[in-house]
Amino acid sequence: MKITVPSKFLLTFIRSAMVSCQCLYINASTEGVHLKSVDSTGTLTCLCFIAKEMLSHHCRGRISFELDLRTLYTMLEVCGPTVTISGSITNTMMLHTHNDGNSCEYALQAHNIPHCEFNEQTVYDCIVHIPARTMICISKSAGKVVDICCCGNTVTFTSNGHHHHSTIVLENHVMKHFDVDLKVSAYHLSNVVNEGTKMVVLHMSDGKVCMETGSGGIHMKYYLNTI
């Protein structure tokens with residue numbers, strides 16, 4: 001398995017996962033690569049699928065690894081704009097990058113784990129499409145907590161900071177109508193939008209929130225805890 005992706009993309013994914021998780025699971029197959037993190041209760045927190053068209057070297061079989069998130073994050077912080085991750089049936093994964101004109105290589109100790117399919121089948125009651133630029137505005141104007149209220153075809157984002165109050169109202173962005181009122185961490189919202197993202201899809205039910213993005217063969221889902 002060998003895959004080349006933007007370093008910022010992986011850092012964004014890992015920052016969200018590190019809040020409640022310690023390990024990253026990498027599952028490679030002939031279809032592409034899944035990245036998954038689960039918390040201490042076994043609940044899925046982040047799921048990313050990278051299509052085989054993005055791979056510089058297709059996986060011929062199925063291999064799965066477990067990596068320490070904080071170790072991976074520390075190494076990615078010193079990587080250049082892009083990083084190539086390569087792995088085999090050995091217990092080592094390699095990070096290859098170019099930084100300031102120099103070629104660098106880092107080795108991470110990994111654990112082989114049984115291959116499993118990463119599927120999430122939850123059906124959500126409410127679906128909202130939010131332009132990426134608007135999502136950036138929502139996260140930057142937020143305090144610690146954002147109240148997401150969906151009523152009819154209108155969704156409202158409200159947040160109280162130490163010195164300000166913000167309200168952003170979007171009409172005609174609700175694709176699947178169901179009235180919900182949820183509170184989520186503003187920190188998670190700020191980690192959703194990546195370079196190249198045009199649209200964020202917000203899936204909601206009582207007590208459940210999933211934020212979905214996709215661009216250039218990379219598809220990602222964040223499962224947010226409500227407050």
Side-chain angles (χ1 to χ4, degrees), residues 1 3 5-29 31-51 54-55 63-77 79 83 85 87 93 95 108 110-111 113 115-124 127-128 130 132 135-136 138-139 142 146 148 182-197 199-205 207-227:
M1 179 203 76
I3 179 173
V5 292
S7 300
K8 284 185 178 180
F9 160 75
L10 284 178
L11 285 169
T12 298
F13 179 88
I14 293 170
R15 269 197 298 268
S16 291
M18 281 198 309
V19 174
S20 56
C21 306
Q22 295 180 340
C23 298
L24 174 70
Y25 301 98
I26 300 179
N27 189 174
S29 69
E31 298 301 315
V33 175
H34 278 98
L35 308 177
K36 185 182 81 163
S37 63
V38 296
D39 62 20
S40 58
T41 65
T43 302
L44 187 66
T45 62
C46 295
L47 176 63
C48 173
F49 176 69
I50 304 172
M54 293 286 294
L55 304 184
I63 53 177
S64 298
F65 299 97
E66 177 185 340
L67 292 170
D68 180 77
L69 272 175
R70 297 192 182 279
T71 302
L72 179 58
Y73 185 81
T74 300
M75 290 189 173
L76 285 171
E77 283 189 307
C79 285
V83 60
I85 299 177
M93 292 204 67
L95 299 183
L108 290 88
H111 299 284
I113 58 176
H115 184 94
C116 61
E117 296 298 332
F118 297 155
N119 296 316
E120 196 274 340
Q121 303 295 335
T122 301
V123 177
Y124 294 89
I127 299 177
V128 181
I130 307 170
M135 181 56 70
I136 292 174
I138 292 169
S139 63
V146 179
I148 305 173
L182 303 166
K183 290 180 173 62
V184 298
S185 167
Y187 174 81
H188 285 290
L189 295 183
S190 66
N191 280 332
V192 171
V193 180
N194 297 287
E195 293 182 11
T197 301
M199 188 70 66
V200 176
V201 182
L202 184 63
H203 305 263
M204 295 181 292
S205 293
K208 296 180 180 179
V209 181
C210 172
M211 305 195 77
E212 182 178 6
T213 64
S215 61
I218 298 178
H219 192 86
M220 187 158 23
K221 291 182 179 180
Y222 294 90
Y223 301 90
L224 309 184
N225 292 325
T226 56
I227 298 173

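- When all heavy atoms of Phe65 and Ala110 are compared, the closest pair comes out as CD2-CB, 3.9 Å.
- Listed by chain and number, the residues in a salt bridge (charged side-chain N to carboxylate O under 4.0 Å, His left out) with Lys183 are Asp147 (sequence neighbours excluded).
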| field | Leu108 vs Ile85, side-chain contact (heavy atoms from CB on, under 4.5 Å): CA-CA, chis, key distance, verdict | value | CA-CA 10 Å; Leu108 290 88; Ile85 299 177; over 6 Å; no
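- When all heavy atoms of Ala28 and Val33 are compared, the closest pair comes out as CB-CG2, 4.1 Å.
- A distance of 12.0 Å separates OG1 of Thr226 from CE of Met204, quoted to the nearest 0.5 Å.
- The structure places OG1 of Thr122 at 4.5 Å from NZ of Lys208, a figure rounded to the nearest 0.5 Å.
- Within a 6.0 Å radius of CD in Gln22, other residues, nucleotides and ligands contribute 12 heavy atoms or fewer.
- For Asn225, there are no side-chain contact (heavy atoms from CB on, under 4.5 Å) partners at least two apart in sequence or on another chain.
- The shortest non-hydrogen separation linking Tyr124 to Ser205 is CA-OG, 3.3 Å.
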| query | For Asn27 and Lys36, what are the C-alpha separation, side-chain angles and deciding distance, and is it a side-chain contact (heavy atoms from CB on, under 4.5 Å)? | reply | CA-CA 8 Å; Asn27 189 174; Lys36 185 182 81 163; over 6 Å; no
| task | Dump the intermediate steps for side-chain contact (heavy atoms from CB on, under 4.5 Å) on Lys221 and His203, then the final yes or no. | result | CA-CA 10 Å; Lys221 291 182 179 180; His203 305 263; 5.7 Å; no
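- Distance CG/Leu10 to CD1/Ile3: 7.5 Å, rounded to 0.5 Å.
- Once rounded to the nearest 0.5 Å, the distance linking CE of Met75 with CD1 of Ile14 reads 11.5 Å.
- When atom types are taken as modelled, the side chain of Thr45 and the backbone of Ala17 share no donor-acceptor pair closer than 3.5 angstrom.
- With values rounded to the nearest 0.5 angstrom, Cys21 atom SG is found 10.5 Å from Arg70 atom CZ.
- In this structure, Phe13 and Leu24 have side chains that are in contact, with non-hydrogen atoms separated by less than 4.5 Å.
- Minimum heavy-atom separation, Leu47 to His34: CD1-CD2, 3.9 Å.
- Cys46 SG to Met18 CE: the interatomic distance, rounded to the nearest 0.5 Å, is 11.0 Å.
- A side-chain contact (heavy atoms from CB on, under 4.5 Å) with Leu202 is found for one member of Leu224, Val184, Ile148 and no other, namely Ile148.
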| request: Decide yes or no on side-chain contact (heavy atoms from CB on, under 4.5 Å) for Ile26 and Met93, but give the supporting numbers first. | output: CA-CA 11 Å; Ile26 300 179; Met93 292 204 67; 4.0 Å; yes
